[in-house]
There are 2 protein chains.
Amino acid sequence: MSTIEDVAKLTGLSRTTVSRVINNHPYVSEDKRKLVIEAMNKLGYVPNSSARSLRNQKTDVIALFVPRITNPFFSQLVESTEIAAADHGYQLIICQTRYSPEKELNYMNLLKTKQVDGVILASLQNDWEKIEPFLDYGPIVLCNEFEDRANVPTVKLDQVYGGYIATKHLIEQGHTKIAYCCGGYRSNVAKSREIGFRQALSEHKLSFDERYAFRDAFNIADGKRVFQKMITLPDPPTAVFTGSDEVAAGILSEARKHGYRVPEDLAIVGFDNQAITELMDPMITTVHQPVKEMAQKAVDIIVEKIQSRKYRKKEIYEFPLQLIVRESTVSKKLAKA
Amino acid sequence: MSTIEDVAKLTGLSRTTVSRVINNHPYVSEDKRKLVIEAMNKLGYVPNSSARSLRNQKTDVIALFVPRITNPFFSQLVESTEIAAADHGYQLIICQTRYSPEKELNYMNLLKTKQVDGVILASLQNDWEKIEPFLDYGPIVLCNEFEDRANVPTVKLDQVYGGYIATKHLIEQGHTKIAYCCGGYRSNVAKSREIGFRQALSEHKLSFDERYAFRDAFNIADGKRVFQKMITLPDPPTAVFTGSDEVAAGILSEARKHGYRVPEDLAIVGFDNQAITELMDPMITTVHQPVKEMAQKAVDIIVEKIQSRKYRKKEIYEFPLQLIVRESTVSKKLAKA
DNA sequence: TTTAAATATGAAAACGTTTTCACAAAAATT
DNA sequence: AATTTTTGTGAAAACGTTTTCATATTTAAA
């Protein structure tokens, strides 16, 4: 466990010169530079991160907040963010809030204690007023999730449009009884999708039926549960818009089990364009989200904000969504015709 | 950005006493303690992590190495590890090696630079000789992946047994032409499964057919590709053992597309017991891996080793695997009978 | 009472860097 | 040849903690 002092001693030089070599500063003669590098190799010396962080007042670490990493959308986001961060020389710390405001707030202390240089929030469980004060300690960037009151850079997707095109597509297939099945009361992502959903309905003179609304569906099991509930309704829907491909897959598998034909008896549209949409039979119509691009942008921005130290400003970067039509909404005969 | 010095000044006490309050040391009078806590709240003071790490020679951060986080097996592992680490007061840094030895080696420097207190390797891309020297700088624990030459604690699953029971099950269904389809030449996990696979074969006087062996299948697309290849063989297999549920699902979906009946024309067994196995039609027979327990144990151990500083010792902790029989290997009629 | 032990506090050193400042030598400009 | 500029180097301060040591006071034991 050698220190810079050991290298200095071995070379007969000062800590300063060794430090200059490490950091590629100018004004070090070629022979001393070589001497130092040699000594560093010999000792297996490598600078101590904590000391560096303390002195430089930065850690080169970013925290990424997600609710759960096993949600495929978020694991994709984590993967892309990690790669983008590494490209910028940053390490990524993963914070799983598990939808708990307390956990989220607790993890925010990473910023306060200066363990990370910045935070990317891909999930927001607290009122913004609780998060805001942490801006005193470093930049916060919203990614995917968003919030009107937040005066910070935000990278998001056009969720209203996503809800709109998916619903419009269902309406165009002739459906009038369309269920809405998303997750998250708090999330503005879900809220926006509902706005788009409602917009498509009203544009076609259809009204939103609260009996068809399920707002607590996140995963496969939820999808299954929702299907069970749906079919007990007096006048069950013939189509369902969902907030994730997992929920869609859950509904689809349960529908199949009950002898429902998809899309003939029930049309289903997912969200996220995960691998599973192409595995299911029928393949699931979904909305593609450019996760990689979004993650990349979020990292670019937080890196920039860490450097510029000016991050109390709202800047919105929005990426488009795209409907991917597959078999779960269009009967095969029609599709081929 | 207040420091301990600010708190000291505000209270008229010394840094020492403030530090004692922060760290719950004895011998601080109750009134001073209250005074300090009050001042800390007033200033919004919170101790600086870097300074603490430097002084305490520990960071309370662990690194977890995985090839790719989007692989559901690994995202499950990451989730469980993160939770277990948090329970112990540790933060988790995610390192995606993307199957690259260089990236892996590069990430190992986190240990050398003391940015993390220990490393959990759930993936191993380098020869152990390359990793071994890093033991000078902190504990390394193998988790899931393993290596004979590694003199470190290892938490693993009985992969030989996993390969064995899955294959035996296929043989018991009457299959004699069984394909082997796993990923990773380097990985001992894959090698062990192949040993179990061969063992089951030879116990039933069947011989391993190299033409039926595919050793580069990791994901859904690979599964699809393998199916295509398989059916072009002169005497194609009637069953296939795979190294992951994604590969199995890929094969299954492609088989369906080609009009193959599963399991009648082709029986398929997966590995991991991911959610997808219950979504596919037919549902996929698979091998359950106790990921959570394994992750938990790995964290327990690394935390212990960080404290005890004695970690150059081989200790093997092995968890059992379990065959989950579903429809992709047993025809429905038979299953109900 | 005297002495020993327990309690309470602070000054200063230490953790391992980077940077500021000072200064000297060499090179370039007058 | 005198002066300025560029190049090369080191001592010491700074980053913000925790801990060691010293010391003073209070309490308990003799």
Side-chain angles (χ1 to χ4, degrees), chain A residues 1-37 39-40 43-61 109-117 136-138 309, chain B residues 1-37 39-40 43-61 109-117 137-138:
Chain A
M1 226 76 18
S2 52
T3 74
I4 200 173
E5 183 69 39
D6 299 326
V7 180
K9 270 189 189 138
L10 185 60
T11 55
L13 296 165
S14 71
R15 293 203 296 278
T16 313
T17 304
V18 177
S19 175
R20 286 207 180 92
V21 172
I22 294 168
N23 297 287
N24 284 313
H25 283 177
Y27 302 150
V28 178
S29 65
E30 206 39 51
D31 45 337
K32 313 260 154 135
R33 165 166 275 120
K34 271 187 189 146
L35 199 64
V36 167
I37 288 173
M40 293 201 300
L43 294 171
Y45 167 80
V46 90
N48 177 296
S49 300
S50 305
R52 276 196 136 165
S53 296
L54 177 59
R55 173 66 222 213
N56 294 334
Q57 301 284 64
K58 69 193 182 94
T59 60
D60 294 336
V61 180
N109 282 316
L110 289 173
L111 198 57
K112 216 171 175 181
T113 61
K114 290 275 145 212
Q115 197 169 348
V116 302
D117 293 340
D136 288 345
Y137 306 96
R309 293 164 174 305
Chain B
M1 226 79 15
S2 52
T3 75
I4 200 173
E5 183 69 38
D6 300 326
V7 180
K9 269 189 190 138
L10 185 59
T11 56
L13 295 164
S14 70
R15 293 202 297 278
T16 314
T17 304
V18 177
S19 176
R20 285 205 181 94
V21 173
I22 294 168
N23 297 286
N24 282 314
H25 283 178
Y27 300 150
V28 178
S29 65
E30 205 39 51
D31 45 336
K32 313 260 155 140
R33 164 166 277 120
K34 272 188 187 145
L35 199 64
V36 168
I37 288 173
M40 292 201 300
L43 294 171
Y45 167 80
V46 89
N48 177 297
S49 302
S50 305
R52 276 197 135 162
S53 297
L54 177 58
R55 173 64 221 214
N56 293 335
Q57 302 283 66
K58 71 194 182 93
T59 60
D60 295 337
V61 180
N109 282 316
L110 289 173
L111 198 56
K112 217 171 174 182
T113 60
K114 290 275 146 215
Q115 197 169 350
V116 302
D117 293 340
Y137 305 96

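Please read all numbers here as calculations on a predicted model, not as lab measurements. Note on naming: letters A, B, ... go to the chains in the order of the sequence lines (proteins, then strands), and numbering restarts at 1 for each one.
Straight-line distance from the CG atom of Leu43(B) to the C1' atom of dG16(D): 15 Å, rounded to whole Å. Atom NZ of Lys114(A) and atom C1' of dT17(D) are 16 Å apart (whole Å). The distance from atom NE2 of His25(B) to atom C1' of dT18(D) is 8 Å, rounded to the nearest whole Å. The CG-P distance, from Asn24(B) to dT19(D), rounds to 13 Å in whole Å. Atom-to-atom, CG of Asn56(A) to P of dG16(C) comes out at 16 Å; the value is rounded to the nearest Å. Straight-line distance from the CG atom of Leu54(A) to the P atom of dT17(C): 12 Å, rounded to whole Å. Look at NZ on Lys58(A): it is 12 Å from C1' on dT18(C), rounded to the nearest Å. Rounded to a whole Å, the OH atom of Tyr45(A) is 7 Å from the C1' atom of dT17(C).
Side-chain N/O atoms of Gln57(B) include one lying less than 4.0 angstrom from OP1 or OP2 on dG16(C). For Asn23(A) and dT18(C), the shortest distance from a side-chain N or O to OP1 or OP2 is below 4.0 Å.
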Between Leu13(B) and Val21(B), does a side chain to side chain contact (heavy atoms under 4.5 Å, CB included) hold up when you go through it step by step? CA-CA 11 Å; Leu13(B) 295 164; Val21(B) 173; over 6 Å; no

Arg15(B) vs Val7(B), side chain to side chain contact (heavy atoms under 4.5 Å, CB included): CA-CA, chis, key distance, verdict: CA-CA 8 Å; Arg15(B) 293 202 297 278; Val7(B) 180; over 6 Å; no

Take Arg33(B) and Asp31(B) through the test salt bridge (Lys or Arg N to Asp or Glu O under 4.0 Å) and record every step on the way to the result. CA-CA 5 Å; Arg33(B) 164 166 277 120; Asp31(B) 45 336; over 6 Å; no

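Every residue two or more places apart in sequence or in another chain that forms a side chain to side chain contact (heavy atoms under 4.5 Å, CB included) with Asn23(B) is listed here: Ser19(B), His25(B), Arg52(B).
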Protein-proximity profile, nucleotides 4-14 of chain D, B/S/- by nucleotide at the 4.0 Å heavy-atom cutoff, equals ---SBBBBBBB

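Closest of all the heavy-atom pairs between Tyr137(B) and Met1(A) is CD2-SD, 3.9 Å. Residues Gln115(B) and Ser49(A) come closest through the heavy atom pair CB-OG, 3.5 Å. Taking every heavy atom of both residues into account, Ile4(A) and Val18(A) meet most closely at CG1-CG1, 3.5 Å.
At the heavy-atom level, Val46(A) lies under 4.0 Å from the strands shown only through sugar-phosphate atoms.
Each end of the helix from dT1(C)-dA30(D) to dT30(C)-dA1(D) gets its own axis from five base pairs, and the two axes differ in direction by 40°, given to 10 degrees.
For Ser19(B), counting side-chain heavy atoms from C-beta on, the closest listed nucleotide (dG16(D), dT19(C), dT19(D)) is dT19(D).
Note that the CG atom of Leu110(A) and the CG atom of Asp117(A) stand 11.5 Å from one another [nearest 0.5 Å]. Within the model, atoms CG of Asp6(A) and OH of Tyr45(A) stand 9.0 Å from one another, a figure rounded to the nearest 0.5 Å.
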